[in-house]
Novice: 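Can you read through this structure? Questions will come right after.
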Amino acid sequence: MTKTKVVQVSAIDMTQVKLLNELNKASMDNGFEVHCVSSSGEYVREILDEGFIFHPINIDRKINPIRNIISLVNMYKLFKRLKPEIVHVHTPIAAVLGRIASKMAGVPNIIYTAHGFYFHDQMDSKAYKVFYNVEKYMGRFFTDYIFFQSEEDYNLAVKNHFLKESSNYLHISNGINLDHKYNYNEISEEAISNLKNKHNIKDNDLVISFIGRLVEEKGIFDLLNAIDKLDDYNLKFIIMGSLPKSERDQYSYSKIQQYMDRENIIFTGQVDNAEEYLYLSDVFCLPSYREGMPRSIIEAMSMKNAIIATDIRGSREEVVNGETGFIIDLNSSEQIAEKIKYLNSNEELLNNMKEASYLRSQKLYDEKEVIKKQLAVFDRIRNE
C-alpha cells in the first residue's frame with residue numbers, strides 16, 4: 001500500500017529539527033511518508049538520521065524577487081514529481097512560495113501553520129495593511145487549512161474570512177517536550193551544580209535569564225539598559241543566544257560588547273542545554289517587540305520561572321499578569337528594572353509565580369497535544 005506523502009517546507013533546515021522534528025516523527029510513526037524541504041545547512045544529517053527524505057532547495061528568508069522565483073520554480077518541479085497529498089508550510093517567505101508552488105503543481109491539500117502573522121500591532125499602518133492583505137489573500141486562494149499557534153491570530157483570521165472553507169481553521173497553540181527535555185523532575189542536580197560553579201552563581205543570587213537572537217527586535221537592549229538601573233549585588237543575568245552574522249549591524253555588535261566584561265552578566269552564546277540554565281533561573285525576561293507564540297517563555301515556565309514579557313501577541317497569551325509574571329510595556333527598561341527589583345524583595349510572590357508558571361505549562365503547553373491536533377487533520381485527509 002502506497003504511503004500518504006507529507007511535505008514539510010521551511011526556509012532553513014534548523015526549523016525542521018528544532019520545531020518540526022516531533023511532528024515529523026509522529027507522522028512517520030503513523031504511516032506517513034515524510035519529506036522535508038528547506039535550504040541545506042548543518043542540520044541535514046540529523047534530518048536524514050531520523051529517516052525523513054530531505055530535498056535541498058535554497059529558500060531565502062527575505063524578499064529577493066529573482067532568488068524567490070528560483071525557489072518557487074524548484075519547489076513546483078519537486079511537487080509535480082512527488083505528487084504529495086499534503087504540503088505543510090512554515091515561516092513567512094517559505095510559506096508564501098511553498099503555497100504558490102503547491103497550487104501550481106496541483107497539490108490537493110495545502111496547510112499553513114501561522115507561527116505568528118507577520119503583521120502586528122506595532123507595525124506602521126501602511127505596512128500592516130500590505131502584509132495583512134498578503135496573509136488574507138494567500139489564505140483565500142492558496143491555502144486549504146491554517147493551523148494557528150496564537151489564539152489572537154486564529155480569531156482575527158476567522159473573523160475576516162481568511163479561508164474559503166469555514167471549518168478548516170485550527171488553533172493548535174504551541175508546546176514543548178514536557179516528558180523529557182523540559183521535564184523539571186529529570187534535570188540533573190550535578191549538571192546544575194556544575195553550571196553554578198562554572199559561572200560563580202551563589203544560592204542566594206536572583207538569576208534572570210533571556211533566550212533569543214541578540215538583536216533590537218528581541219528587546220535585548222532594553223534588558224541590558226535595565227541592568228544599568230539595578231545595583232543589587234545578588235543579581236545574575238544569563239543571556240542565551242547569539243548575534244547572527246546577517247544581522248550583525250555595528251550598533252548591535254558594539255552595544256553588546258559594552259556588557260561582555262560585566263561580572264554579573266553571563267553570555268552563553270547558543271546552547272543545547274537551555275533547560276539547565278532555565279532550571280537555575282528564577283525570572284525569565286523576554287522584552288520582545290514581535291512574537292508569534294514564543295517557545296522560550298513556555299520553556300522557562302516549565303522550569304519554574306516567573307516571567308517578565310511585553311504586551312504583544314503570544315506573550316500576553318502565555319503569561320497571566322500578576323499570577324505567573326508581569327506584562328510590561330514595549331521598550332521600557334524602567335519597567336523591567338522595576339519588576340526585577342520587586343521580585344527580588346518579595347520572595348513569597350516570586351515563589352508563587354514560579355509555581356503558577358510551572359502548573360500553567362503542564363496544563364496548556366504539552367507538545368504531544370499540539371501534534372495530536374495536527375495528526376487528526378492529516379488522518380482525515382488520508383481517509384477521504
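Just so we're clear, the structure is a prediction, and the values are computed from it rather than from any experiment.
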Novice: Please determine which of Phe117, Tyr118, Phe119 meets the ring pair (Phe, Tyr, Trp, His ring centres under 6.0 Å) test together with Phe131.
Specialist: Tyr118
Novice: Taking Gln16 for the side chain and Gln8 for the main chain, is one N or O donor matched with an acceptor at less than 3.5 Å?
Specialist: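 Between the backbone of Gln8 and the side chain of Gln16 there is a qualifying donor-acceptor contact (under 3.5 Å).
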Novice: With no hydrogens and no angle check, is any side-chain donor or acceptor of Ser39 less than 3.5 Å from a backbone partner on Ala11?
Specialist: yes
Novice: Just wondering, more than 12 heavy atoms not from Gln258 lying within 6.0 Å of its CD?
Specialist: yes
Novice: Kindly say whether the aromatic ring centers of Tyr277 and Phe284 come within a distance under 6.0 Å.
Specialist: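 Not close enough - the centres of the two rings lie 6.0 Å or further apart.
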Novice: Do Ile100 and Met138 have side chains that get closer than 4.5 Å, going by heavy atoms?
Specialist: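 They are in contact (side-chain heavy atoms under 4.5 Å apart), so the answer is yes.
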Novice: Take Asp124 and Lys126, measure what salt bridge (charged side-chain N to carboxylate O under 4.0 Å, His left out) needs, and give me the verdict at the end.
Specialist: CA-CA 6 Å; Asp124 169 84; Lys126 291 182 180 179; over 6 Å; no
Novice: So, does Thr113 use its side chain to make a donor-acceptor pair with the main chain of His115 at under 3.5 Å?
Specialist: no
Novice: Where the side chain of Ser193 meets the backbone of Glu189, is there a donor-acceptor pair that is under 3.5 Å apart?
Specialist: no
Novice: Going by heavy atoms in the side chains, are Lys202 and Asn234 under 4.5 Å from each other?
Specialist: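 No; the side chains remain at least 4.5 Å from each other.
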Novice: I'd like to know if the side chain of Thr143 and the backbone of Tyr145 have a donor-acceptor N/O pair within less than 3.5 Å.
Specialist: no
Novice: Using a cut-off of 6.0 Å, state whether more than 12 heavy atoms not belonging to Phe141 lie near its atom CZ.
Specialist: yes
Novice: Mark yes when over 12 heavy atoms from residues, nucleotides or ligands other than Glu263 sit less than 6.0 Å from its CD; otherwise mark no.
Specialist: no
Novice: Hydrophobic clustering (ILVMFWY, side-chain heavy atoms < 4.5 Å, transitive) - are Leu280 and Ile239 grouped together?
Specialist: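 Result: yes, single cluster for both.
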Novice: Would you verify whether the NZ or CZ of Arg295 falls within 45 degrees of the ring axis of Tyr365 while also being under 6.0 Å from that six-membered ring's centre?
Specialist: no
Novice: Would you indicate whether Lys229, at its atom NZ, is surrounded by more than 12 heavy atoms from other residues, nucleotides or ligands within a distance under 6.0 Å?
Specialist: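 Yes - once you tally the heavy atoms of other residues, nucleotides and ligands closer than 6.0 Å, there are more than 12.
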Novice: Any chance you could measure Asn168, atom CG, to Ile110, atom CD1, to the nearest 0.5 Å?
Specialist: 12.0 Å
Novice: Ignoring hydrogens and geometry, is there a side-chain-to-backbone donor-acceptor pair from His171 to Gln149 under 3.5 Å?
Specialist: yes
Novice: Would you say CG of Asp261 has more than 12 non-hydrogen atoms from neighbouring residues, nucleotides or ligands within 6.0 angstrom?
Specialist: no
Novice: So Tyr128 and Tyr132, would you call those rings parallel, tilted or perpendicular, with 30° and 60° as cut-offs?
Specialist: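 Plane angle under 30°, so parallel.
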Novice: Does a donor on one side chain and an acceptor on the other come within less than 3.5 Å for Glu85 and Thr4?
Specialist: no
Novice: Yes or no on side-chain hydrogen bond (donor to acceptor under 3.5 Å, both in side chains) for Asp228 and Tyr259, after CA distance, side-chain angles and deciding distance?
Specialist: CA-CA 10 Å; Asp228 289 333; Tyr259 293 87; 2.7 Å; yes
Novice: Would a distance-only check, ignoring hydrogens and angles, find a side-chain to backbone donor-acceptor pair under 3.5 Å from Lys236 to Asn200?
Specialist: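 Yes: the side chain of Lys236 pairs with the backbone of Asn200.
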Novice: Grouping I, L, V, M, F, W and Y whenever their side-chain heavy atoms are under 4.5 Å apart, do Leu235 and Leu278 come out in a common cluster?
Specialist: yes
Novice: In this structure, are over 12 heavy atoms from other groups packed under 6.0 Å from Glu347 atom CD?
Specialist: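 For Glu347, atom CD is not crowded (no more than 12 foreign heavy atoms under 6.0 Å).
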Novice: If you take all heavy atoms of Pro84 and Val107, which pair is closest and at what distance?
Specialist: O-CG1, 3.8 Å
Novice: Return yes if some donor-acceptor pair links the side-chain N/O of Ser332 with the main-chain N/O of Gln335 below 3.5 Å, else return no.
Specialist: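 Side chain of Ser332 to backbone of Gln335: a pair is present.
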Novice: Shared ILVMFWY cluster between Val34 and Val7, side chains joined below 4.5 angstrom?
Specialist: no
Novice: Using modelled atom types only, decide if a donor and an acceptor are shared between the side chain of Arg81 and the backbone of Lys77 within a distance under 3.5 Å.
Specialist: no
Novice: Any donor-acceptor pair under 3.5 Å linking the side-chain atoms of Asn58 with those of Asp60?
Specialist: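 Judged by distance alone, the side chains do pair up.
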Novice: Count the heavy atoms of every other residue, nucleotide or ligand shown that sit under 6.0 Å from CD of Gln257, and state whether that count exceeds 12.
Specialist: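 Enclosed: over 12 neighbouring heavy atoms sit under 6.0 Å from CD of Gln257.
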Novice: Check whether any side-chain N or O of Asp282 sits under 3.5 Å from a backbone N or O of Val207 as a donor-acceptor pair, and report yes or no.
Specialist: yes
Novice: Hey, quick one: are Phe326 and Leu350 part of the same hydrophobic cluster, counting side-chain heavy atoms closer than 4.5 Å, chains of contacts allowed?
Specialist: yes
Novice: Side chains of Tyr279 and Asn273 only: does a donor on one sit below 3.5 Å from an acceptor on the other?
Specialist: no
Novice: Check for me, please, whether Ile146 and Leu156 land in the same ILVMFWY cluster - side-chain distances under 4.5 Å, paths through other members count.
Specialist: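 Yes, same cluster.
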Novice: Answer with yes or no after comparing the ring centroid distance for Phe148 and Phe162 against a 6.0 Å cut-off, counting only values under it.
Specialist: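 Ring centres of Phe162 and Phe148 not closer than 6.0 Å.
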Novice: Answer yes or no: are there more than 12 heavy-atom neighbours, outside Arg140 itself, under 6.0 Å from its atom CZ?
Specialist: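 Above 12, so yes.
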